S.K.: 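Take a look at the following structure, please.
Every heavy atom of this structure was used, including side-chain atoms; hydrogens, water molecules and symmetry mates were not. Whatever order the structure lists them in is the order used to number ligands and atoms, beginning at 1. Computed from a prediction, not measured in an experiment: that's the story for all the values here.
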Amino acid sequence: MTGIEYPSRPSNPLDLPGRVNLASPMTVLCDFDGPLVDVSERYYRTYQLSLVDTQAAYEAEGITLPVQELTKQQFWQMKQERVADAEIALRSGLRSRQIEKFLENVHQRVNQPALLQQDQLQPGVRWALALLHARGINLAVVTLRCQMQAQQVLRDYGLDQLFTVIRGAPDELAAYPNYTEAKKQLLAEVLADCSHPPSQTWLVGDTEADVLAGQAQGISTIALTCGIRSVTYLKQLQPTRIHCDLLSAAHYLSGLVCPVEA
Ligand SMILES: [Mg+2]
């Protein structure tokens, strides 16, 4: 049990159960952070700013910390290998109480509006969604990000109308003691509402939470390596398929509903 509750009656008109077209050949449920949006710059900027803040706090007390800032490549590689934030802080030169201060700072900063603006649409996403939509495939977003935020971002990019369902967390402050359990719960709710045949439903995501949630529901899963987990890590989870990004996955999925003639 996750302690998270989701609204039983979604207020957004896009998020009405029953709008999924059962005659459609396929439904694709897509995670938000990772497959659609690149969060790596936000996470790295958060890391950098929190290091500076921690350093400044100790400097004010006359203590100079031997901080060694990681490059973005080093940082993101660690995130993709699931290196804990405390370990990342340790490898950046911080120790004990300094690490605690750093982690508190990261937690406070990462969802601030100025940093959320660092998020960018992943390359090829517009093409991917257009391709899937043109093939008559139902598209839905299933995310642990705040639902309002996800809707707003997709609206800003002019992509919200492509999705029949956008389902996320009820507010920005939703806490997840266990991401996988939270995703499992949310996915089960969305699938119950959609009632699309599991054999024709795919889940696209970038973490263990996505893959394990899809597997628990008996639907096919595609893990993307453009997000916050490495290909080595994702392989261990044995998703149905692994693709580098949503466009690559979209080409594969569109081929299933509209095979290319030899
Ligand atoms: Mg994700």
S.K.: Distance below 2.8 Å from the Mg ion (ligand 1): how many protein N/O/S atoms qualify?
M.R.: 3

S.K.: How many angstroms lie between CG in Leu154 and CD in Gln149, if you round to the nearest 0.5 Å?
M.R.: 11.5 Å

S.K.: Testing the basics here: between Lys72 and Ser40, what is the closest heavy-atom pair and its distance to 0.1 Å?
M.R.: NZ-OG, 3.1 Å

S.K.: Taking atom CD of Gln77 as the centre, report whether more than 12 heavy atoms of other residues, nucleotides or ligands fall under 6.0 Å from it.
M.R.: no

S.K.: Ignoring hydrogens and angles, state whether a donor on the side chain of Glu69 or Gln48 is under 3.5 Å from an acceptor on the partner side chain.
M.R.: yes

S.K.: Can you label the angle between the Tyr43 ring and the Trp76 ring as parallel, tilted or perpendicular, going by 30° and 60°?
M.R.: perpendicular

S.K.: On the 0 to 90° scale, with breaks at 30° and 60°, tag the Tyr47-Phe102 ring pair as parallel, tilted or perpendicular.
M.R.: perpendicular

